[in-house]
Every structure is written in structure tokens, then in C-alpha cells.
Amino acid sequence: MAQLSDDCFAFGGSLLGIDAARHMIFERVQPVDGVERVALGRALGRTLAEDIAAPIAVPGFDNSAVDGYAVRFDDLDPHGPTTLRCVDRIAAGHDPSAALTRGRAARIFTGAALPVGADVAIMQEDCQRDGDLVTIRPGIKRHANTRQAGEDVRRGALALKAGRRLGPADVGLLAALGFAEVPVRRRLSVALLSTGDEVREPGQPLAPRQIYDANRFILSGLLERLGVEVRDLGIVPDDPATLAAALRQAAESTDLIISSGGVSTGEEDHVRAAIANHGSLYFWRLAIKPGRPVAMGQIGATPLAGLPGNPVAALLTFALVARPMIEALSGTEPHVAKRFPAIADFAYKKKTGRREYVRVSLQSGAGLPKLARYPKEGAGMLTSLTETDGLAELSEETTRLEAGAEIAFIPYSELI
Ligand code: AMP
Ligand code: MG
């Protein structure tokens with residue numbers, strides 16, 4: 001399962017910028033082999049393995065966009081009402097009985113094929129029907145209320161690109177093109193573990209000075225949303241030998257390892273040492289807050305993201321580091337979180353040289369949305385995630401933010 005190139009480049013010195021880290025990830029992590037064809041009904045969330053060209057046009061025929069009357073544009077008097085004889089009745093899914101001759105109209109319904117010769121459809125609300133006759137008001141444009149063959153997708157056009165992570169609308173487009181199955185990348189298998197002697201499984205009794213494992217539930221939720229198969233390795237104690245054994249075993253059977261905790265510089269932080277001793281460490285400190293201690297490397301040939309133990313930092317570094325690794329491994333087009341302009345309703349001071357993310361809530365009101373900062377700051381504060389809407393992003397260069405200044409807002413729905 002070799003995914004990382006072998007030349008070891010251990011980043012020593014100072015903090016690595018987030019853009020450089022992202023660049024390193026896409027440079028070093030290569031897509032896994034393996035393509036399979038899955039039934040369309042099972043394709044949601046999978047990554048397309050090939051470009052998809054349209055085998056048919058959509059729509060496949062000129063048709064009416066309204067319930068009303070199909071007519072020939074040239075029959076219409078531009079200056080006054082036109083009365084035509086109605087000769088046909090065309091329902092969706094049925095053939096017109098004949099081409100539409102001069103001076104005639106055909107009753108038509110939404111989605112029904114226009115008869116040859118007709119090039120405009122008039123909404124029934126804009127017509128007056130009297131027996132066989134229909135009277136149409138002036139002022140309609142050629143092709144109004146009609147849909148041309150191929151106006152959505154031309155036959156042969158590139159409909160979806162390789163690397164697309166299929167969403168519901170993508171699957172709908174493939175269905176409209178007639179695909180019963182599609183080629184997708186093999187599903188990634190991701191090993192997930194928590195580290196820490198203090199960390200316990202929910203449901204188990206909690207001794208004093210122990211905590212329940214929150215990270216594995218946050219991270220497995222995020223992983224499942226990305227469509228990978230999660231291999232749950234549970235909680236590993238702060239013991240170098242046990243940790244090394246768990247990581248080595250995971251490396252043999254999965255495409256990626258994600259851990260949380262144990263990547264700071266304390267004596268009980270063994271993840272970084274395990275990567276360095278049993279594989280290669282690419283970086284272990286990023287110029288971000290929260291989430292500075294975050295490691296990327298490989299054990300054997302399997303890439304590893306060592307996320308920090310504090311839950312807020314674990315979530316953020318999942319988005320910034322682990323998710324790009326998953327995209328690189330699965331050959332998925334990288335996701336770039338959209339930033340939206342907003343107004344800071346708070347002042348903020350920071351050091352230069354690192355990017356900071358502040359948990360904020362959207363305030364409604366006129367103009368650009370206002371962002372209120374969550375009052376409690378700690379990177380371990382789970383309610384700071386559940387009670388906010390997203391993150392305000394402060395660039396490396398920023399040192400001071402005044403209340404009322406414009407700032408970039410990333411909703412959680414964009415980030416993760
Ligand atoms: P560490 O990165 O191991 O030094 O952990 C930093 C902080 O995060 C400590 O307070 C840990 O107790 C806490 N922590 C570590 N792992 C988890 C976890 N799985 N769930 C919740 N908190 C954790
Ligand atoms: Mg720890």
C-alpha cells in the first residue's frame with residue numbers, strides 16, 4: 001500500500017505554514033490503486049474514477065416547459081391577438097400525431113415533445129379557448145416556454161470529471177444520462193485511534209481524573225461523511241511499545257492512520273516519537289491556532305495524521321490536514337472551504353506568523369453578517385463547537401482586529 005514517496009524529509013525547525021503543509025500533502029500522498037463499478041444507487045459519496053461523457057443529449061428532444069399550446073412563431077400576429085385551430089393533444093411521453101401545419105395549434109403538456117414545426121409554447125393562462133379555437137395574446141418570443149434538445153447536456157459533452165465526489169445531484173445527472181453503474185475509486189480504509197492513559201470509552205465507569213473519549217466520535221463522524229471505511233482501533237495507552245505495535249499493525253492493513261493525542265512535546269506524548277522511530281515524520285508543528293501540534297508522516301508506507309488531543313484542535317486539524325490526505329489518497333478533487341465576508345463584533349489581538357481560527361456565531365441583521373466570538377476560548381471546550389456556527393479566519397500577517405472590521409467567515413458546513 002505504498003502511498004507516500006520514500007524520500008524522507010523531516011521538517012525540523014520552526015513552525016510550518018498551513019499552505020506549505022497542504023502543498024506537501026498533495027505532493028507526497030498518491031492515490032491508491034483500484035477502481036470498481038458500482039450500481040448508481042450505491043454511488044453517493046464515492047469518487048468518480050473516470051471522466052464521464054454524455055452518451056445522450058439531455059433533454060433528448062425539443063419539448064414544452066409549460067401546460068398550454070404549441071404553435072408556430074411565424075403564425076403569431078405581433079400586434080394583436082391570433083386565433084388558431086387546435087388539432088392535436090400531446091401528453092408527456094406520447095408522440096405528436098403529426099407535424100404542426102400553418103395556422104394550427106396543438107394542446108400540449110409539460111415535458112411533452114413539441115411537434116415538428118412548432119417553436120414556441122404558450123402557457124394556458126395566456127390563452128383563451130373556445131371550442132376548437134384558441135386565441136393567443138401578442139408579445140411572445142420565439143422559443144418561449146420550450147426546452148431545446150441538448151440544452152442541459154449536449155451529447156458527447158464532459159458531464160462530470162474524474163475525481164468528483166458524487167453528491168445527490170451528480171448521481172441524478174448520471175441517472176438522467178442513463179448510467180446504471182459508474183466507475184469509482186476503491187473505498188479507503190482508515191484506522192482511527194485515540195491515545196491517552198486518561199481516556200475511557202463512553203459507557204465504562206469513569207475513575208477520578210479520567211475523561212471520556214470524545215475525539216474518536218467526532219473523527220469517525222467526519223470520516224463517515226467522507227465515505228471512507230473506518231477501522232476503529234479504540235483507545236491506546238500512553239505506552240511507546242503498545243502504541244508502536246498498534247500503529248505498525250494498522251499500517252499493514254489500512255490506507256491511512258488517524259490518531260488523536262500524544263503529539264505535543266511532553267514526555268507522555270509518544271505518537272511523534274513512534275512515527276520518527278518506525279517510519280518518517282514530515283511535519284509535527286503547524287503555524288496555526290488552535291491545533292499547533294499536529295503530525296504528518298508515514299509508518300511503513302502508510303500515511304499517518306497525528307492530530308492533537310484537544311477536541312477543537314482535533315476537529316480543525318482534521319479539516320486542514322487529514323481531509324486533504326484522504327482526498328490525495330482517494331484521487332478526489334481537493335475541497336476548498338469557501339470563505340464569506342462578515343463583520344467582526346469583537347476585537348482581537350494575535351501574534352504574526354500563525355493563522356488563527358476563532359469560534360464564532362452569526363448574528364442576524366442588515367448588511368454583512370456580524371460574528372460574535374464565543375466567550376470561552378479553550379481548545380478542549382466542546383460546547384464552543386456545538387454552540388457556534390463556524391470559524392473566523394485571521395491571516396498570518398494580522399496582529400490586531402478591531403471590532404467592526406471585515407473578516408473571513410468559514411461555516412462549519414464548508415469546513416468539515
Ligand atoms: P494530548 O494532545 O494528548 O496532550 O491531549 C491534550 C488534551 O486533550 C488533554 O487534556 C487530553 O486529556 C485531551 N484529550 C486527549 N485525547 C482526547 C480524547 N480522545 N477525547 C477528549 N479529550 C482528549
Ligand atoms: Mg495525551
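Residue indices begin at 1 and follow the sequence shown. Please read these numbers as outputs of a predicted model, since none were measured by experiment. Just follow the structure's listing: the first ligand is 1, and inside any ligand the first atom is 1.
Taking a cut-off of under 4.0 Å to the non-hydrogen atoms of Gly261, the atoms of ligand 1 that pass are 2 (O), 3 (O). Each of the atoms 3 (O), 4 (O) of ligand 1 lies under 4.0 Å from some heavy atom of Asp269. Less than 4.0 angstrom separates some heavy atom of Ile211 from each of these atoms of ligand 1: 12 (O), 14 (N), 21 (C), 22 (N), 23 (C). Interface atoms of ligand 1 facing Ser194, defined by a heavy-atom separation under 4.0 Å, are 19 (N).
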Test log, rule salt bridge (charged side-chain N to carboxylate O under 4.0 Å, His left out), inputs Arg165 and Asp170: CA-CA 9 Å; Arg165 200 155 163 265; Asp170 299 320; over 6 Å; no

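Within a 6.0 Å radius of CZ in Arg89, other residues, nucleotides and ligands contribute 12 heavy atoms or fewer. When the shell of 6.0 Å around CG of Asp197 is examined, it contains more than 12 heavy atoms from other residues, nucleotides or ligands.
Arg248 and Glu252 are not joined by a salt bridge, as no carboxylate oxygen comes within less than 4.0 angstrom of a charged side-chain nitrogen. Contact check on Glu36 versus Arg187 returns no salt bridge, with no Lys/Arg side-chain nitrogen under 4.0 Å from an Asp/Glu carboxylate oxygen. Under the 4.0 Å criterion applied to side-chain N and carboxylate O atoms, Arg339 and Glu393 are assigned as salt-bridge partners.
Here the heavy atom of the protein found nearest to atom 19 (N) of ligand 1 is Asp213 OD1, 2.7 Å. Counting only heavy atoms of the protein, atom 10 (O) of ligand 1 lies nearest to Asn310 OD1, 4.3 Å. The protein heavy-atom contact nearest to atom 18 (C) of ligand 1 is Asn215 ND2, 3.3 Å.
Residue Ala214 has at least one N or O atom closer than 3.5 Å to an N or O atom of ligand 1.
For Glu198, every heavy-atom contact with ligand 1 shorter than 4.0 Å involves the side chain, none the backbone.
Heavy atoms of Gly380 come nearer than 4.0 angstrom to ligand 1 in no pair at all. Residue-ligand proximity: Gly262 is placed with a non-hydrogen atom under 4.0 Å from ligand 1.
Taking the side chain as every heavy atom from C-beta outward, Tyr69 and Arg107 approach each other to under 4.5 Å.
Leu304 pairs in a side-chain contact (heavy atoms from CB on, under 4.5 Å) with only one of the listed residues (Ile275, Ile258, Leu256, Leu281), which is Ile275.
Here atom 23 (C) of ligand 1 lies nearest to Gly309 when heavy atoms of Gly378, Gly309, Ala313, Ser264 are compared.
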